[in-house]
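Just the heavy atoms: all of them, side chains too, but no hydrogens, waters or symmetry mates, feed the values below.
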Amino acid sequence: MGLKAEHIQKMYGMITVLEDVSFSLEKGQKVGLIGDNGTGKTTLLKILAGIVEPDGGIVAVRKGSVISYMPQDTSLVTDETVRNYLRRVSGIGALEERLEHSPESLAEYERRNGYAFDHRADVVLAGFGLREILSDRRINSLSSGQKSKVFMAGVLLSDPDILLLDEPTNNLDLPALIWLENFLMRSETACIIVSHDRLFLDRVVRKIFEIDWHTRTLFITSGRYSDYLMKKEKERARQWAEHKAQQEEIKRLTETAREKNNGGDAGFAF
């Protein structure tokens with residue numbers, strides 16, 4: 001088990017955002033978190049990331065697991081160079097500093113492939129179409145779109161066990177989107193992804209978590225996003241058929257009662 005949420009509840013004032021949300025996330029699972037706007041998708045991600053405290057329930061994470069969260073708003077304001085920023089937010093820079101005084105950190109450094117960090121950073125930046133961005137370029141000099149991509153690169157380079165992505169495709173062009181899809185599909189990192197990009201979800205995720213607008217609880221469907229849509233359509237068709245059958249039965253019973261009443265009145269006619 002990578003992460004387990006049990007009976008999560010959250011209210012803002014008198015408004016219930018999450019009522020009773022429970023699920024488990026296993027290593028390598030890719031999950032799409034969906035629901036109408038305002039159903040608490042972002043709130044749930046923030047609770048899982050430890051940014052927001054739930055009003056009830058618990059979130060249990062496997063000891064030593066690293067959780068990385070990418071919010072919708074990824075604006076960066078820093079005068080750091082791209083390279084220094086990536087080394088800092090990934091944790092590699094701090095790990096290298098500890099190596100000087102704590103040789104036992106070497107195993108962790110090697111596990112995270114620290115010696116190849118610069119190459120890995122170049123690969124990720126190139127994947128996001130930032131090959132032309134020099135490593136000593138100041139982040140404050142980048143465009144908003146470039147900043148978003150650098151932010152996402154830092155999230156991916158942190159080597160998370162659990163990745164929480166809130167609308168990650170918003171600022172990506174097609175080549176960068178395709179690269180991210182392939183990266184996530186190859187990765188052993190468990191992911192929970194909020195996205196309105198149906199094709200992206202269909203390619204990446206293999207399970208759907210849906211927050212219901214009315215109950216504020218979670219419904220879980222295994223399979224691709226397109227599988228979820230087919231199941232929803234079948235469920236709507238079943239509910240419509242049941243409704244139609246109920247209406248026809250009500251109509252039949254009403255007509256039967258009317259006929260009996262008319263027949264009874266006719267018996268007393270002179």
For this session: Output all residues satisfying ring-ring contact (aromatic ring centres under 6.0 Å, His included) with Tyr228, sequence neighbours left out; order by chain, then residue number.
Result: Tyr225
Exercise. Does some side-chain heavy atom of Val205 sit less than 4.5 Å from a side-chain heavy atom of Val31?
Worked result: no
Problem set entry | Which atom of Ala153 lies closest to which atom of Val124, heavy atoms considered | CB-CG1, 3.6 Å
Exercise. Which heavy atom in Lys10 sits nearest to a heavy atom in Pro54, and how many Å separate them?
Worked result: CD-CA, 4.3 Å
For this session: Could you tell me whether Glu108 and Arg111 have a side-chain N and a carboxylate O separated by less than 4.0 Å?
Result: yes
Problem set entry | Side-chain heavy atoms of Leu48 within contact of Tyr69, under 4.5 Å | no
Problem set entry | Min side-chain heavy-atom separation Thr74-Lys147 under 4.5 Å | no
For this session: May I have the step-by-step check of side chain to side chain contact (heavy atoms under 4.5 Å, CB included) for Leu163 and Leu156, ending in yes or no?
Result: CA-CA 8 Å; Leu163 189 56; Leu156 299 183; 3.8 Å; yes
Exercise. Looking only at heavy atoms, which two atoms of Cys191 and Leu184 are closest? And how far apart?
Worked result: SG-CD2, 4.1 Å
Exercise. What pairs meet the side chain to side chain donor-acceptor pair (under 3.5 Å) rule with one or both residues in residues 32-53, with sequence neighbours excluded?
Worked result: Thr42-Asp166
For this session: Report, as yes or no, whether the 6.0 Å neighbourhood of atom CG on Leu253 holds more than 12 heavy atoms from other residues, nucleotides or ligands.
Result: yes
For this session: Can you run down the side chain to side chain donor-acceptor pair (under 3.5 Å) pairs that involve residues 79-95, sequence neighbours left out, and say none if there aren't any?
Result: Thr78-Glu80, Glu80-Arg88, Thr81-Asn84, Arg83-Asp122, Arg87-Glu96, Arg87-Asp118
Problem set entry | Side chain proximity check, Leu201 to Arg198, heavy atoms < 4.5 angstrom | no
Exercise. With sequence neighbours excluded, what pairs up with Asn113 under the side-chain hydrogen bond (donor to acceptor under 3.5 Å, both in side chains) test?
Worked result: none
Exercise. Quick check: are there more than 12 heavy atoms from other residues, nucleotides or ligands sitting under 6.0 Å from CD of Gln239?
Worked result: yes
Seminar exercise, completed: Of all heavy-atom pairs linking Arg216 and Val21, the shortest is O-CG2, 3.8 Å
Problem set entry | Qualifying residue for side-chain contact (heavy atoms from CB on, under 4.5 Å) with Lys149, from Asn171, Leu172, Leu125, Leu142 | Leu172
Exercise. Which residues satisfy the side chain to side chain contact (heavy atoms under 4.5 Å, CB included) test with His243, sequence neighbours excluded?
Worked result: Trp240, Gln247
For this session: Answer whether the closest heavy-atom distance between the side chains of Gln9 and Glu19 falls below 4.5 Å.
Result: yes
Problem set entry | CA sep, side-chain torsions, deciding dist, call: Asp161, Val61, side chain to side chain contact (heavy atoms under 4.5 Å, CB included) | CA-CA 10 Å; Asp161 300 288; Val61 182; over 6 Å; no
Exercise. Does a sphere of radius 6.0 Å around CE in Met230 hold more than 12 heavy atoms from other residues, nucleotides or ligands, not counting ones at 6.0 Å or beyond?
Worked result: no
Exercise. In the single-linkage hydrophobic clustering (I, L, V, M, F, W, Y; side-chain heavy atoms under 4.5 Å), do Val123 and Phe128 co-cluster?
Worked result: no
Exercise. Are side-chain heavy atoms of Arg112 and Leu157 found at a separation under 4.5 Å?
Worked result: no
Problem set entry | Met11 reachable from Ile211 in the ILVMFWY side-chain graph, under 4.5 Å edges | no
Exercise. Shortest non-hydrogen contact from Ser68 to Val155?
Worked result: CB-CG1, 3.9 Å
Exercise. Does the pair Arg258/Glu255 count as a salt bridge with the N-to-O cut at 4.0 Å?
Worked result: no
Problem set entry | Min side-chain heavy-atom separation Phe200-Leu180 under 4.5 Å | yes
Exercise. Is any side-chain heavy atom of Leu164 less than 4.5 Å from a side-chain heavy atom of Leu33?
Worked result: no
For this session: Could you pull out all residues at least two apart from Tyr115 that satisfy ring-ring contact (aromatic ring centres under 6.0 Å, His included)?
Result: Tyr109
Problem set entry | Minimum heavy-atom distance Gly154-Val89, with the two atoms named | CA-CG2, 3.7 Å
For this session: Kindly compute the distance separating CG (Leu18) from NE2 (His7), expressed to the nearest 0.5 Å.
Result: 14.0 Å
